[in-house]
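Chain identifiers are assigned alphabetically (A, B, ...) following the order of the sequence lines, protein sequences preceding nucleic acid strands; residue numbering begins at 1 within each chain. Not measured: the values here are computed from a predicted model.
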Number of protein chains: 2
Amino acid sequence: MSDVRILVVDDEVQILRALKTNLEAREYAVSTASDGEEALRLIADVNPDLLILDLGLPKKSGLDVLRSLRTWSDIPVIIVSARNGDPDKIAALDEGADDYLTKPFSIGELMARVRAALRRRVQTEQSAIVVTPDFEVDFSKGVATRRGEVVHLTPLEWKIVGVLVHSEGRLVTQRSLLSEVWGPHYDNESGYLRVHMTHIRRKLEPEPARPRYFRTEPGIGYRFIADGGPR
Amino acid sequence: MSDVRILVVDDEVQILRALKTNLEAREYAVSTASDGEEALRLIADVNPDLLILDLGLPKKSGLDVLRSLRTWSDIPVIIVSARNGDPDKIAALDEGADDYLTKPFSIGELMARVRAALRRRVQTEQSAIVVTPDFEVDFSKGVATRRGEVVHLTPLEWKIVGVLVHSEGRLVTQRSLLSEVWGPHYDNESGYLRVHMTHIRRKLEPEPARPRYFRTEPGIGYRFIADGGPR
DNA sequence: AACATCTTTAACGCGTCCTTAACGCCTCGC
DNA sequence: GCGAGGCGTTAAGGACGCGTTAAAGATGTT
């Protein structure tokens with residue numbers, strides 16, 4: 001048995017079983033989920049190397065799963081859906097999916113795409129939890145705390161914090177921040193960002209007027225410093 | 001203007017032209033080739049960030065191109081082919097292709113898959129660091145340090161340092177420096193430059209009054225020397 | 001349909017960065 | 001040895017971007 005873990009999410013039992021059988025025949029370790037919330041729970045739990053995700057799910061749609069997953073994880077995701085319209089494909093790919101197959105698909109092709117996705121897997125091992133002297137952010141649970149107290153973050157704030165924290169110490173241009181958060185077409189209009197940065201700082205920074213963790217690089221973008229750095 | 005280079009390989013001229021137009025509209029730098037040998041030559045020549053490759057090519061098939069390419073390069077490859085049989089897809093994906101689209105395909109979907117492939121590239125790219133005995137500049141992280149201490153560079157200073165460092169050891173005329181930093185219309189007016197060079201030297205040079213790394217060539221321009229060179 | 005939450009938009013004060021000008025020094029030519 | 005032009009340096013002005021606030025618009029929920 002290989003040590004590659006794959007999570008398959010689909011609400012149709014027979015498809016779930018067929019995929020599981022085929023993947024296990026190739027010696028992958030397979031977990032399964034049949035709705036969106038269970039999927040997110042299992043992702044945090046088993047920490048799979050790859051996700052095969054149906055779009056039409058109960059509880060939480062596949063797109064929702066993908067969206068919240070992408071705030072803290074870069075594992076490859078292959079979408080498997082009955083919808084074959086352009087808008088669906090483009091939306092899923094732009095939300096961070098790595099591949100998109102339309103049902104019905106050939107098992108052989110899916111397996112080849114699984115191999116392709118796993119081949120370029122990079123060992124980033126980014127932790128889902130970020131701890132600073134002043135606050136903590138747990139992306140897998142979706143909980144942020146400041147000095148023990150839970151602070152509420154909106155979806156957009158989660159995404160912005162996710163992008164910045166994910167590339168810790170690195171200067172993130174507002175251009176790439178915008179396109180990673182709002183999608184590839186909103187690569188200017190930085191007016192939004194300033195407002196949300198204010199909110200994030202008010203919620204997390206010990207002294208929002210003089211940010212230590214979420215720093216501004218004027219004219220370029222923002223940078224997250226995990227230990228607060230010198231000041 | 002983006003600095004992402006894409007090479008498109010197809011033997012049908014109208015497809016080549018359509019793809020080129022669409023990609024350039026999205027501000028990618030596009031090169032084209034129409035047979036396998038030309039493709040390999042251009043890959044080595046322009047060093048593209050992504051390859052869009054047709055399978056049915058003269059001289060050398062797309063699969064051959066892919067095979068020999070994969071012996072030295074890991075750039076993402078999107079296959080675009082009229083064949084939609086499983087064996088073709090599986091073979092191409094297992095030879096190292098990242099994605100496979102069947103003709104005819106929608107331009108929108110291709111563009112989304114291009115974005116998806118390029119998105120992954122960012123994680124793989126190694127950081128572009130310039131190291132001298134006295135200071136370091138990391139362009140990918142956006143960090144400059146002098147003797148371990150972080151020094152702050154303004155956007156303009158980043159650009160100027162970038163241009164000079166990029167052509168290390170070579171003389172850069174103030175004319176080309178100006179047009180690369182400020183745009184093609186500001187190719188005289190060297191008053192700006194002198195001020196900013198002062199700032200850069202004060203921040204990076206160990207002895208700003210006697211620059212070792214950012215040297216002046218009177219009447220012509222500037223030159224960056226990575227090891228400080230002879231005094 | 002009313003409410004609550006989140007996102008977007010607009011406006012304003014403030015700080016940073018870019019520009020501009022002035023001046024002294026150096027180098028080179030006469 | 002003298003003058004001119006280019007360069008380095010400094011300081012001050014203004015333009016622009018950023019933080020902040022408040023309110024309108026969008027979205028989802030009861």
Side-chain angles (χ1 to χ4, degrees), chain A residues 36 59-61 63-64 67-68 71 142 144 150-162 164 171-175 177-178 180-183 185-223 231, chain B residues 142 144 151-161 164 171-175 177-178 180-183 185-223:
Chain A
K59 298 267 179 80
K60 225 166 186 206
S61 86
L63 219 57
D64 291 334
R67 220 189 310 269
S68 50
T71 63
V150 175
V151 297
H152 176 77
L153 298 183
T154 72
L156 254 175
E157 288 161 3
W158 275 110
K159 210 156 185 179
I160 295 173
V161 171
L164 286 174
L171 174 50
V172 182
T173 66
Q174 41 209 10
R175 206 184 175 78
L177 194 49
L178 280 164
E180 283 199 63
V181 173
W182 275 270
H185 305 295
Y186 294 78
D187 49 1
N188 41 1
E189 307 285 337
S190 67
Y192 312 156
L193 257 181
R194 306 207 302 267
V195 177
H196 293 293
M197 289 306 301
T198 300
H199 294 155
I200 290 170
R201 282 165 173 159
R202 179 164 19 192
K203 290 176 181 179
L204 295 179
E205 290 276 358
E207 201 177 355
R210 238 173 254 108
R212 299 180 54 195
Y213 301 97
F214 297 95
R215 301 190 174 190
T216 304
E217 300 279 341
I220 311 178
Y222 296 90
R223 187 201 307 271
R231 160 135 330 210
Chain B
V151 297
H152 180 82
L153 298 184
T154 70
L156 228 67
E157 288 161 4
W158 276 112
K159 276 189 189 172
I160 296 173
V161 172
L164 287 174
L171 173 58
V172 181
T173 66
Q174 39 205 13
R175 211 183 193 77
L177 194 49
L178 280 164
E180 282 200 63
V181 173
W182 273 270
H185 302 294
Y186 295 78
D187 49 1
N188 39 2
E189 308 280 340
S190 66
Y192 311 154
L193 257 181
R194 306 207 304 267
V195 176
H196 292 292
M197 288 306 300
T198 300
H199 293 157
I200 291 171
R201 282 165 173 159
R202 176 160 35 194
K203 290 176 180 179
L204 295 179
E205 289 275 359
E207 201 176 353
R210 250 176 237 100
R212 299 180 54 195
Y213 302 97
F214 297 96
R215 301 191 173 188
T216 304
E217 303 278 342
I220 312 176
Y222 296 91
R223 185 199 306 270

Please state whether the phosphate of [N], meaning OP1 or OP2, lies under 4.0 angstrom from any side-chain nitrogen or oxygen of [X].
X        : N      : result
A:Thr216 : D:dG19 : yes
B:His196 : C:dT19 : yes
A:Trp182 : C:dT8  : yes
A:Gln174 : D:dG17 : no
A:Arg202 : D:dT20 : no
B:His199 : D:dG8  : no
B:Arg194 : D:dG6  : no
B:Thr198 : D:dG8  : no

Test side chain to side chain contact (heavy atoms under 4.5 Å, CB included) applied to A:Arg202 - qualifying residues, sequence neighbours left out: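 Residues passing side chain to side chain contact (heavy atoms under 4.5 Å, CB included) with A:Arg202: A:Thr198, A:His199.
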Got a sec, which residues hit side chain to side chain contact (heavy atoms under 4.5 Å, CB included) with A:Leu177, two or more places apart in sequence or on another chain?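 Per chain and number, A:Leu177 pairs via side chain to side chain contact (heavy atoms under 4.5 Å, CB included) with A:Val163, A:Leu164, A:Val172, A:Val181, A:Leu193, A:Tyr222.
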Figure out the [atom1]/[atom2] separation between [X] and [N], and round it to whole Å.
X        : N      : atom1 : atom2 : result
A:Tyr222 : D:dG17 : OH    : C1'   : 9 Å
A:Met197 : D:dT21 : CE    : C1'   : 17 Å
A:Glu157 : C:dT8  : CD    : C1'   : 13 Å
B:His152 : C:dG15 : NE2   : P     : 16 Å
B:Leu193 : C:dC18 : CG    : P     : 13 Å
B:Ile160 : C:dT19 : CD1   : C1'   : 13 Å
A:Leu177 : D:dC18 : CG    : P     : 12 Å
B:Tyr192 : D:dG6  : OH    : P     : 17 Å

Is there a side-chain contact between A:Tyr213 and A:Leu204 (heavy atoms, below 4.5 Å)? no
Within the 4.5 Å heavy-atom criterion, are B:Arg194 and B:Thr216 side-chain neighbours or not?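 The answer is no, as the side chains (C-beta and beyond) never meet within the 4.5 Å cut-off.
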Between B:Glu157 and B:His152, does any side-chain donor sit less than 3.5 Å from a side-chain acceptor? no
Options C:dC17, C:dT8, D:dG19, nucleotide nearest the side-chain atoms of A:Val195: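 The closest nucleotide is C:dT8.
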